[in-house]
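In what follows, every heavy atom counts, from backbone to side chain, and hydrogens, waters and symmetry copies are set aside.
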Amino acid sequence: MATRRGFLAGLAASSFAPVAGWAKVGAPEFLSAARSSDDSYHLFGLTGQGAPVFQIPLPARGHAAAANPLRAEAVAFARRPGRFAIVLSCETGVILAELDAPEGRHFYGHGAFSSDGALLFTTENDYDAARGIVGVWEARTYQRLGEFSSGGIGPHDIRLMPDGGTLVVANGGIETHPDSGRAKLNLPFMQPNLTYLSVEGDVLEQAELAPEMHMNSIRHLDVRTDGLVGFATQWQGSTADSPSVIGLHRRGEAPQLLSAARAQARAMDGYGGSVAFYDEGTRIAVSSPRGGLVQLGDVAAGAVVGQLDMPDVCGLGVSGGALRASTGTGAFWAATATPRVLTQQPVAWDNHLVRVSRG
């Protein structure tokens with residue numbers, strides 16, 4: 001462990017000069033997977049107005065991606081549970097590497113780069129042991145360096161915190177196994193949590209919702225510049241009893257779900273798809289493709305304050321401080337008080353708009 005830690009620390013501290021910055025591929029603000037009208041799959045780079053600046057074929061349906069902060073490279077992840085992750089040059093469209101999950105593992109559709117682009121962290125399921133894993137990959141050759149516990153079961157989303165040395169993982173708490181398809185094996189006993197880890201794998205803090213919320217699976221994340229974490233949940237109980245699916249957490253405090261009227265909570269159909277802070281971090285939004293809407297929260301008040309109707313919406317992002325949304329109908333929205341479609345493409349946008357930090 002000491003040898004691996006020393007290697008990781010040295011690599012993360014080393015210079016990692018960009019080969020080709022994102023400006024060379026049209027300066028996209030977002031990445032998104034999509035299914036085209038001919039049932040082929042692609043990864044797109046999109047402007048803040050939803051205009052494609054590149055598209056690269058994928059072998060199967062994608063879920064999310066990780067954007068290298070310095071080079072125009074993206075890791076496209078298979079829809080979970082998937083065993084492939086493909087490293088793409090967004091300048092040439094060439095597949096630079098293919099990451100294969102180790103035996104007995106599958107990816108969960110998300111990953112995060114270190115701030116210098118030297119390391120990639122991936123969420124994985126060690127399904128025979130029913131435990132979550134964070135895989136660590138060197139991001140020049142994409143060789144696997146090691147792994148550590150995610151701090152729970154069913155890790156889905158993962159983000160790098162603003163300090164550059166801490167990861168936050170959304171452990172959804174749901175046990176699955178490929179032999180059982182997408183069946184959820186432990187719903188009566190699930191324990192979702194947020195786990196904060198050092199990039200070397202030390203557990204720094206864990207946060208759980210109140211016991212009566214143990215079936216509210218924590219799935220997706222956004223992080224404000226001051227370290228406040230926003231999360232979207234997916235309720236595994238009766239939809240008639242659906243609680244709020246929008247949460248906030250600051251380290252050292254208890255997590256909170258935004259207060260919502262019963263009708264507001266039920267309108268989301270128990271499903272938070274994506275989450276994003278916007279309006280200079282004073283507001284938070286969570287999408288629900290099942291409910292066909294985006295719910296809006298006031299961060300300071302800790303409450304849901306409105307919603308926008310958008311059929312089959314899921315992807316959320318921010319451009320110039322303003323909220324953007326993508327849908328399975330191919331629409332890319334300016335999610336303002338009076339929402340409007342900015343672009344309409346002949347594709348079905350998949351679940352997420354991934355923010356690109358352009359080097």
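When every heavy atom of Gly317 is checked against every heavy atom of Phe30, the shortest pair comes out as CA-CE2, 3.8 Å.
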Go through the steps to decide whether Glu29 and Arg324 satisfy the test salt bridge (Lys or Arg N to Asp or Glu O under 4.0 Å), and finish with yes or no. CA-CA 11 Å; Glu29 292 192 40; Arg324 300 288 188 257; over 6 Å; no
Go through the steps to decide whether Phe44 and Leu31 satisfy the test side chain to side chain contact (heavy atoms under 4.5 Å, CB included), and finish with yes or no. CA-CA 6 Å; Phe44 285 79; Leu31 302 177; over 6 Å; no
Derivation of the side chain to side chain contact (heavy atoms under 4.5 Å, CB included) call for Tyr142 and Glu73: CA-CA 12 Å; Tyr142 287 93; Glu73 290 180 10; 3.2 Å; yes
Take Val199 and Thr166, measure what side chain to side chain contact (heavy atoms under 4.5 Å, CB included) needs, and give me the verdict at the end. CA-CA 6 Å; Val199 293; Thr166 305; over 6 Å; no
Could you go through the side chain to side chain donor-acceptor pair (under 3.5 Å) check for Gln234 and Ser217 one step at a time? CA-CA 5 Å; Gln234 295 176 8; Ser217 178; 5.9 Å; no
Determine, stepwise, if the pair Leu257 / Ile246 fulfils side chain to side chain contact (heavy atoms under 4.5 Å, CB included). CA-CA 6 Å; Leu257 294 174; Ile246 311 175; over 6 Å; no
CA sep, side-chain torsions, deciding dist, call: His156, His63, ring-ring contact (aromatic ring centres under 6.0 Å, His included): CA-CA 11 Å; His156 194 66; His63 182 69; 5.3 Å; yes
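Salt-bridge formation is detected for the pair Arg61/Asp350: a Lys NZ or Arg NE/NH1/NH2 atom is positioned less than 4.0 Å from an Asp or Glu carboxylate oxygen. A salt bridge links Asp222 and Arg159; the closest N-O separation between the charged side-chain nitrogens and carboxylate oxygens is under 4.0 Å. Salt-bridge check for Glu124 with Arg144: passed, with a basic side-chain N closer than 4.0 Å to an acidic carboxylate O. One finds a salt bridge joining Arg250 and Asp226 here, because a Lys/Arg side-chain nitrogen approaches an Asp/Glu carboxylate oxygen to under 4.0 Å. Ionic pairing of Arg71 and Glu91 is not present here: no N-O contact between side-chain nitrogen and carboxylate oxygen is shorter than 4.0 angstrom. The pair Glu280-Arg283 does not meet the salt-bridge criterion, since no charged nitrogen lies less than 4.0 angstrom from a carboxylate oxygen.
Checking side-chain atoms of Ser274 against main-chain N and O of Asn351 turns up a donor-acceptor pair under 3.5 Å. Checked by atom type and distance alone, the side chain of Trp22 pairs as donor or acceptor with a backbone atom of Asn68 at under 3.5 Å. Of the possible polar contacts, one joining the Thr343 side chain to the Gly50 backbone as a donor-acceptor pair under 3.5 Å is found. In this structure, the side chain of Ser319 does not engage the main chain of Ala322 through any donor-acceptor pair within 3.5 Å. A distance-only check finds a donor-acceptor pair linking the side chain of His220 to the backbone of Gly273 [under 3.5 Å].
For the pair Tyr196/His249, a side-chain contact is recorded, criterion being any heavy-atom separation below 4.5 Å from C-beta on. At a threshold of 4.5 Å between non-hydrogen side-chain atoms, the residues Trp137 and Leu99 count as touching. The closest side-chain heavy-atom distance from Tyr271 to Pro289 is below 4.5 Å. Two residues are said to be in side-chain contact when any heavy atoms from C-beta on lie closer than 4.5 Å; Leu194 and Asn171 fail this criterion. Residues Tyr108 and Ile158 have side chains not in contact (no heavy-atom distance under 4.5 Å, counting atoms from C-beta outward). The shortest side-chain heavy-atom distance between Arg219 and Asp157 does not fall under the 4.5 Å cut-off. Between Pro255 and Glu208, the closest side-chain pair of non-hydrogen atoms is not below 4.5 Å. Considering only heavy atoms from C-beta on, Pro59 stays 4.5 Å or farther from Tyr41 through its side chain.
Counting heavy atoms of neighbouring residues, nucleotides and ligands inside a 6.0 Å radius, atom CZ of Arg224 exceeds 12 of them. Applying the 6.0 Å contact sphere to CD of Glu212 captures more than 12 heavy atoms from other residues, nucleotides or ligands. The environment of CD in Glu205 is crowded: more than 12 heavy-atom neighbours from other residues, nucleotides or ligands sit within 6.0 Å.
In this structure, Ile133 stands alone, with no Ile, Leu, Val, Met, Phe, Trp or Tyr side-chain heavy atom under 4.5 Å from its own, directly or through other members.
Only one option out of Leu197, Val223, Leu204 pairs with Met161 in a side-chain contact (heavy atoms from CB on, under 4.5 Å); it is Val223. In summary, of the residues considered (Leu88, Ile86, Val75, Val354), a side-chain contact (heavy atoms from CB on, under 4.5 Å) with Leu43 occurs for Leu88 alone. Checked options Val286, Val168, Leu209; the residue passing with Phe231 is Leu209 (criterion: side-chain contact (heavy atoms from CB on, under 4.5 Å)).
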Return all side-chain donor-acceptor pairs below 3.5 angstrom for residues 307-314, not counting sequence neighbours, or 'none' if the list is empty.
{"residue": "Gln307", "atom": "OE1", "partner": "Gln295", "partner atom": "NE2", "Å": "3.2"}

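Here the CG-OG distance, from Asp269 to Ser288, works out to 6.0 Å after rounding to the nearest 0.5 Å.
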